[in-house]
Amino acid sequence: MLTNKEEFKQVFQKRLVALHGTEVQEATTQEIYKTLGSLVREYISENWINTNASYKKSGVKQVYYFSLEFLLGRLMGSNLLNLDIYNVCKEGLLELGIDLDDIEEAEPDAGLGNGGLGRLAACFLDSLASLELPGHGCGIRYKYGLFEQKIINGYQVELPDNWLKEGNVWEIRKSDKAVEVKFGGYVTTEQVDGRLSFLHHNYEKVLAVPYDMPVVGYKNEVVNTLRLWSAETIIGNFDAYSISTHDQRKIIEYKRSTEAITEFLYPDDSHIEGRTLRLKQQYFLVSAGIQSILHNHKKHHHDVYSLPENVAIHVNDTHPVLAVPELMRILLDDELLSWDDAWEIMTKTISYTNHTTLAEALETWPVDLMRSLLPRVFMIIEEINRRFCQQVWADNPGNWELLRSVEIIRDGVVRMANLAIVGSYSVNGVAQVHTEIIKKREMKHFYQYFPEKFNNKTNGITHRRWLLRANPLLANVITELIGSDWIKNPTELQQLSKYVKDASFQEQIRSIKHNNKLNLAKIISKECGLTVDVGSIFDVQIKRLHAYKRQVLNVLHIMDLYNRLKEDPTIDMPPRTFIFGAKAAPSYHFAKKVIKLINTVASIINNDKYINDKLKVVFLENYRVSMAEVIIPATDISEQISTASKEASGTGNMKFMMNGAITLGTLDGANIEIEEAVGDDNIFIFGLTPNEVLNYHQVGGYSSWDMYNTHPRIRKVMEQLITGEVAQQAGDFKDIYDSLLIDNDEYFVLKDFIPYVDAQLKAGQAYMNQNKWTQMAIENIAQSGKFSSDRTIKEYASEIWRIR
Ligand code: 26V
């Protein structure tokens with residue numbers, strides 16, 4: 001139906017009339033988008049049904065990826081592409097006078113994630129389906145995704161992201177698959193048939209209703225499922241006609257507090273506070289997800305003992321780690337298994353990925369909160385802890401240090417990472433250096449105790465979205481040159497290495513980059529009213545705003561460059577456009593000040609007509625997945641400048657590399673593996689090493705005042721933060737100044753400043769030799785196949801989940 005253009009045009013027009021009672025000429029973009037969505041979803045459904053039936057029939061092991069975040073972005077383009085109907089739809093619509101690009105723009109981003117961790121989950125779903133693996137997502141259908149960012153007077157202002165207001169063409173509500181989740185109340189025990197049973201009383205019931213979204217594999221007829229849960233009230237609890245006003249108030253309150261559970265996504269502010277609603281979200285997801293998995297498993301395989309052969313449950317960071325006690329609870333209390341049997345099943349089923357070593361981001365929950373919200377689950381956590389500590393002590397008598405560091409409950413809090421490690425059979429980091437840091441430092445006691453659990457799975461990104469879809473021009477010339485095998489097997493991109501010196505390929509690469517830059521320049525002009533020079537270097541830092549990611553280092557360099565140009569406007573340098581995109585968590589004051597600083601510096605530089613043909617600074621509002629898809633293909637320099645050892649992996653770095661941008665970065669996260677892949681000559685590395693940073697943390701010896709006192713250029717930009725033009729525009733930037741000097745620069749910004757300036761200089765000089773620069777770009781694209789999430793997912797599948 002959608003594989004033939006003429007047929008497509010016909011069904012499209014008919015469907016438009018049926019759904020919206022209108023004809024093409026009169027239809028709004030929204031109506032056209034919804035009509036196309038409805039046709040595509042229908043087209044998907046046959047494969048969806050078949051995929052499910054074939055999984056059922058073969059009884060093959062299924063993996064469920066539990067995550068509080070799935071940062072999907074838009075789905076129309078990637079679905080059309082994966083279904084292999086992109087061209088038919090594009091051409092058919094064109095003949096009806098409709099530009100598919102405009103229709104794709106009408107889709108709101110599904111922004112159900114903060115950043116790297118959530119986008120990784122979305123890339124993984126794409127790879128699972130494309131590799132024909134039986135893997136599904138399990139998450140929350142937030143009514144509001146990550147806030148929408150407005151910049152007003154240089155400051156970030158947050159607005160709600162009402163992404164569902166026009167409905168969601170990709171979801172199907174499955175009321176018949178709803179389950180109940182219980183909160184609060186108290187637990188009593190009773191002897192029943194010689195067995196201690198646990199009775200839960202006076203709890204509040206919440207209905208978890210699943211909304212299923214199809215996850216379409218690339219040209220393979222596979223459709224997996226992303227199941228997102230939504231919280232609803234259980235109406236049957238009340239008799240609507242015979243209730244008093246008092247009861248009515250209670251009902252309203254019940255409805256409000258229930259629906260609040262899946263109302264919004266928590267922004268990652270890296271400082272975890274005990275927020276009841278967030279804990280409710282976590283348990284809600286986990287309980288609904290596990291109940292539905294067990295229900296399904298029992299329907300097809302009968303007994304729960306075979307669970308580990310048929311099901312793998314993966315927890316994305318510690319956020320869904322209540323899966324451990326929840327699975328135990330069901331096996332003990334509902335299935336009536338013994339503790340030992342339940343434990344054996346559970347620990348063969350659950351695996352865990354750690355995504356950060358920042359101490360302040362390690363999750364803990366107050367015991368009191370956990371006990372009152374989840375009384376039975378808390379009892380089980382206590383029992384897990386008791387047995388585990390007993391075992392550790394028996395194996396290592398007298399080793400207090402070990403015991404202290406591995407205890408799950410300590411100082412009145414539950415340590416979720418400890419629960420995750422004890423409860424799962426596999427613990428992985430997300431890049432080699434990150435995994436080494438976990439093993440040798442952050443979780444070294446656990447590593448000594450359970451060395452066999454620890455392993456590395458370097459992150460990846462889906463090359464289908466980030467190259468094939470986001471950069472069709474580049475994808476096409478690659479296919480012309482080496483054929484299309486790379487799409488199924490991205491390491492084939494290595495063949496491009498043979499063409500680094502090929503003059504005509506180089507020319508094509510340059511012209512594509514130029515085109516993509518024009519495209520981005522148009523958006524910049526529309527959104528910021530700023531004209532940027534597409535002949536300038538597009539130097540880009542797009543990622544969440546965090547102190548450790550060091551956007552401040554980038555801005556200080558821009559200020560220094562501006563100072564130098566003011567002193568000597570004849571400096572021989574290629575013109576630069578510095579582009580930023582970043583959201584700061586609403587309560588993260590420092591990060592918000594940095595946004596203001598970027599905007600202040602931008603307004604000074606962009607309004608200085610003596611300088612501004614050499615330098616421009618752009619802050620793009622409301623950075624999100626769909627914006628990244630336009631920025632990344634247009635980038636020359638990819639800024640990956642986190643303090644070494646702090647960025648677990650990074651995945652933006654991989655997207656840029658795949659689109660021929662050159663990384664300017666520290667030896668951190670996956671940058672290290674990118675360097676190994678492309679070689680020193682094709683990347684600009686600077687700054688402290690992870691070990692140097694970790695040693696400073698351990699033994700001290702760094703004083704940022706020394707940097708300030710020895711380098712006049714550092715002194716100058718620092719003073720500009722609190723005096724003069726920069727400061728005058730915005731009160732001042734005393735908070736930033738203080739963090740760098742008074743608080744001794746926790747993230748070594750000033751320590752790395754001079755090396756960063758030198759690396760920037762080197763990159764600028766390299767850019768002047770366009771020939772050489774293009775060779776570097778090609779080599780980056782050629783080596784990027786390793787960073788496809790297909791490679792990552794194959795490793796998870798064979799080494800952790802053991803699925804085929
Ligand atoms: C923390 C919190 C705490 C408050 C509630 C919401 C929330 C959400 C997320 C987080 C921490 C997320 C950690 C994270 O995103 N890590 C990133 O994971 C990427 C994928 O592995 C990796 O590339 C990045 O380096 C790493 O920072």
Side-chain angles (χ1 to χ4, degrees), residues 65 67-71 111-124 139-140 142 145-147 264-282 285 314-321 352-365 416-417 420 427-435 437-438 442 456-462 542-550 582-588 591 628 640-656 665-666 668-674 690 787 789 792-793 796:
Y65 195 82
S67 179
L68 270 282
E69 307 193 4
F70 287 93
L71 188 44
L112 310 184
N114 273 285
L117 168 145
R119 183 54 233 174
L120 185 76
C123 285
F124 280 5
I140 291 181
Y142 300 105
L146 188 65
F147 65 87
F264 72 96
L265 164 79
Y266 270 97
D268 160 23
D269 56 5
S270 87
H271 301 279
I272 311 230
E273 297 153 32
R275 282 156 299 185
T276 313
L277 200 54
R278 168 81 179 171
L279 187 58
K280 272 190 160 179
Q281 288 185 335
Q282 296 185 349
L285 162 65
H314 198 87
V315 298
N316 196 21
D317 216 301
T318 53
H319 316 153
V321 86
Y352 152 67
T353 299
N354 172 286
H355 293 269
T356 179
T357 52
L358 296 184
E360 68 270 26
L362 287 179
E363 259 193 313
T364 57
W365 289 103
M416 304 301 262
V427 177
N428 76 279
V430 291
Q432 273 159 19
V433 66
H434 169 59
T435 301
I437 291 171
I438 293 177
E442 297 307 319
N456 175 248
K457 297 284 167 283
T458 298
N459 281 168
I461 56 161
T462 167
I542 45 173
K543 46 182 82 252
R544 284 300 291 269
L545 221 145
H546 266 284
Y548 83 83
K549 295 180 188 282
R550 297 199 297 190
K583 287 180 180 173
S587 66
Y588 193 171
Q640 308 300 337
I641 58 177
S642 53
T643 308
S645 81
K646 303 293 174 195
E647 188 71 273
S649 160
T651 43
N653 45 6
M654 303 169 184
K655 296 165 195 163
F656 282 110
T666 47
D668 200 15
N671 297 352
I672 297 173
E673 287 160 74
I674 292 178
F787 301 100
S789 45
T792 315
I793 282 297
Y796 275 90

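Counting starts at 1 for both ligands and their atoms, following the listed order.
With ligand atoms numbered from 1 in the order given, ligand 1 contributes 27 (O) to contacts under 4.0 Å with heavy atoms of Y548. Within ligand 1, the atoms closer than 4.0 Å to a non-hydrogen atom of E647 are 24 (C), 25 (O), 26 (C), 27 (O), numbered from 1 in the order shown. Heavy-atom contacts of E69 reach the following atoms of ligand 1: 8 (C), 9 (C) (cutoff under 4.0 Å).
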Show the numbers, then the answer: is there a side-chain contact (heavy atoms from CB on, under 4.5 Å) between E647 and T356?
CA-CA 7 Å; E647 188 71 273; T356 179; over 6 Å; no
Pair F124-Y796, ring pair (Phe, Tyr, Trp, His ring centres under 6.0 Å): steps then yes or no
CA-CA 10 Å; F124 280 5; Y796 275 90; 5.3 Å; yes
Intermediate values then yes/no, side-chain contact (heavy atoms from CB on, under 4.5 Å), V315 and T353:
CA-CA 7 Å; V315 298; T353 299; over 6 Å; no
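Of all the heavy atoms of V430, the ones lying under 4.0 Å from any atom of ligand 1 belong exclusively to the side chain.
Of the listed residues (L120, N653, T792, T651), just one forms a side chain to side chain contact (heavy atoms under 4.5 Å, CB included) with I461, and that residue is T651.
Considering backbone and side-chain N/O of T356, none are found under 3.5 Å from N/O of ligand 1. Of the N or O atoms in N459, one or more lie within a sub-3.5 Å distance of an N or O in ligand 1. For ligand 1, none of its N or O atoms has an N or O atom of H319 under 3.5 Å away.
Under the 3.5 Å distance criterion, with hydrogens and angles disregarded, no donor-acceptor pair is assigned to the side chains of E442 and T357. Side-chain contact, N456 with H434: no donor N or O sits under 3.5 Å from an acceptor N or O. Side chains of Y266 and Q281: a donor-acceptor N/O pair is absent below 3.5 angstrom, by distance only.
Heavy-atom separations between R275 and ligand 1 include at least one value shorter than 4.0 Å. Put simply, part of G650 is less than 4.0 Å from ligand 1, judged by heavy atoms. No heavy atom of E363 sits closer than 4.0 Å to any atom of ligand 1. Using 4.0 Å as the threshold, R544 has no heavy atom nearer than that to any atom of ligand 1.
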